[in-house]
Trainee: 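One structure follows; several queries about it will come next.
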Amino acid sequence: MSDPAPVSTDTAAGLLATARALDAADPLRAHLDAFLEAPGVQAYLDGNSLGRPLAVLPERLAAFVREDWGTRLIRSWDEQWMALPERLGDRIAEVTLGAAAGQTIVADSTSVLLYKLIRAGAAAAAAGDPARTRIVIEEGNFPTDRFIAAGVADELGMELAWVRPDPVRGVTVDDLAPELSDRTALVVLSHVDYRSGALADMAAITARVHDAGALMLWDLCHSVGSVPVQLDACGADLAVGCTYKYLNGGPGSPAFAYVRHDLQPQIRQPIQGWWSAADIFAMGPQYAPTPGIRQLLSGTPPVTSMLAMQAMLDLIAEAGIDAVRAKSVSLTDFAVRAADELLAPLGVRLLSPRDSALRGGHITIGHPDFQAVTQRLWGEGVIPDFRFPDGIRLGLSPLSTSHEETLRGVVAVRDTLVDGS
Ligand SMILES: Cc1ncc(COP(=O)(O)O)c(C=O)c1O
């Protein structure tokens with residue numbers, strides 16, 4: 001590491017005054033107290049990997065065990081749990097996805113739902129036109145998306161076509177256009193890039209994919225609950241997203257899948273378990289799928305893991321997703337400014353778009369020493385995450401993170417870098 005340029009105390013003091021002023025003016029400030037305290041944590045900057053639990057949860061979970069499970073016992077399936085995958089899907093759709101009811105369901109992990117939808121979408125496109133044998137995917141997309149698309153291509157005798165956008169700017173219509181043709185079956189992209197935080201233009205990209213006669217699948221893992229999404233208005237065909245990041249569903253909480261209403265009769269998902277049978281209790285000799293979004297189910301849904309996200313959805317509904325996005329923009333803008341002033345002099349690069357309109361809820365900064373720095377920060381209760389090869393992601397969950405906490409994190413990165421030099 002080269003000798004660090006000194007950072008004036010005026011700069012740090014100025015940033016602290018700004019952080020406090022922004023927090024004082026934050027209309028969502030009261031919600032910071034809705035989360036469980038984490039003793040010893042100075043700054044939690046990883047809400048884009050695992051959101052924090054709400055303070056109401058211990059009692060909600062205890063009540064669930066006591067009453068819904070402990071007292072109502074198996075009667076709770078009829079009374080509420082059978083309908084939960086659709087009811088919760090509709091709630092996510094209403095609060096965060098800009099989607100009408102009957103198109104979203106909660107089930108399985110993101111990876112399993114990606115498998116179901118990539119396979120169903122690619123097969124539906126090829127059924128309409130057998131010349132459509134290409135699945136288009138971005139080389140920087142999250143590994144599970146790429147791996148599953150490759151597996152489905154093998155299964156269906158299709159091929160992958162790769163888009164290679166600028167890793168900081170993220171994928172644009174211009175990057176995608178050369179890969180679209182009358183051979184394209186399905187395009188799979190992330191709305192917010194898991195590394196740079198780049199935000200794709202969902203409306204323009206979906207329209208361009210439809211012009212080519214193909215179907216569009218959006219991975220919403222890093223947008224849902226942080227960036228407002230308009231699935232219906234954009235005409236998106238298929239989408240998946242996880243619930244343990246900005247929906248604070250807890251480790252391993254199940255994901256959701258969206259299938260546009262008029263597409264539902266055309267798709268056939270590959271894991272045809274009894275929960276998606278037309279009559280689940282008929283126990284008949286042959287499988288016939290139920291119509292509608294419930295056809296995406298396979299087996300018994302993880303009811304206990306669907307509890308925590310319900311409380312978070314209520315909180316997001318109360319705050320309003322547009323206000324959540326405004327806070328998110330304020331936090332990431334402030335983080336970029338703090339990084340410019342405190343970290344750039346130490347050779348740290350910004351690996352996210354500068355323009356907030358092109359950015360989701362996290363920013364990434366780069367430095368060759370960041371793997372070691374992250375380990376030391378975790379030991380001190382400052383918790384961002386590290387992404388290979390040299391990126392630290394600052395995930396700023398809007399409802400649980402303040403500007404001052406963000407600054408504490410950036411200052412700790414600076415101090416740790418300087419100490420190690
Ligand atoms: C963009 C994206 N897709 C998918 C996943 C993960 O899928 P799963 O929930 O199956 O682990 C992640 C996890 O962080 C992700 O960031």
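First listed ligand is number 1; within each ligand, the first listed atom is number 1.
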Trainee: Taking only heavy atoms of Ser109, which atoms of ligand 1 are found under 4.0 Å from at least one of them?
Mentor: 10 (O)
Trainee: Counting C-beta onward and ignoring hydrogens, is there a side-chain heavy-atom pair between Leu297 and Ile105 closer than 4.5 Å?
Mentor: yes
Trainee: Find all atoms of ligand 1 within a distance of less than 4.0 Å from any non-hydrogen atom belonging to Tyr244, and give their numbers and elements.
Mentor: 6 (C), 7 (O), 8 (P), 9 (O), 11 (O), 13 (C)
Trainee: Is the shortest N/O to N/O distance between Thr144 and ligand 1 below 3.5 Å?
Mentor: no
Trainee: Taking distance alone, with N or O pairs closer than 3.5 Å, would you say Asp219 contacts ligand 1?
Mentor: yes
Trainee: Please report, to 0.1 Å, the donor-acceptor pairs under 3.5 Å made by any side chain of residues 119-127, with sequence neighbours excluded.
Mentor:
| unit_1 | atom_1 | unit_2 | atom_2 | d |
| --- | --- | --- | --- | --- |
| Arg119 | NE | Tyr115 | OH | 3.4 |
| Arg119 | NE | Glu155 | OE1 | 2.5 |

Trainee: When you look at Trp77 and Trp275, which way does the ring-ring contact (aromatic ring centres under 6.0 Å, His included) test go after all the steps?
Mentor: CA-CA 13 Å; Trp77 278 112; Trp275 271 70; 5.6 Å; yes
Trainee: Which atoms of ligand 1 have any heavy atom of Asp145 under 4.0 Å away?
Mentor: 3 (N), 4 (C)
Trainee: Knowing that exactly one of Arg393, His362, His222, Lys245 qualifies, which makes a side-chain hydrogen bond (donor to acceptor under 3.5 Å, both in side chains) with Ser49?
Mentor: Arg393
Trainee: I need the atoms of ligand 1 closer than 4.0 Å to a non-hydrogen atom of His222, numbered in the order shown.
Mentor: 1 (C), 16 (O)
Trainee: Give yes or no for whether the N/O distance cutoff of 3.5 Å, strictly under, is met between Lys245 and ligand 1.
Mentor: yes
Trainee: Between Glu341 and Arg337, does any NZ, NE, NH1 or NH2 come within less than 4.0 Å of an OD or OE carboxylate oxygen?
Mentor: yes
Trainee: Side chain, backbone, both or neither: which applies to Ser111 and ligand 1 if a contact is any heavy-atom pair less than 4.0 Å apart?
Mentor: both
Trainee: If the condition is side-chain contact (heavy atoms from CB on, under 4.5 Å), which residues does Ala161 pass it with, not counting sequence neighbours?
Mentor: Arg134, Val136, Glu179
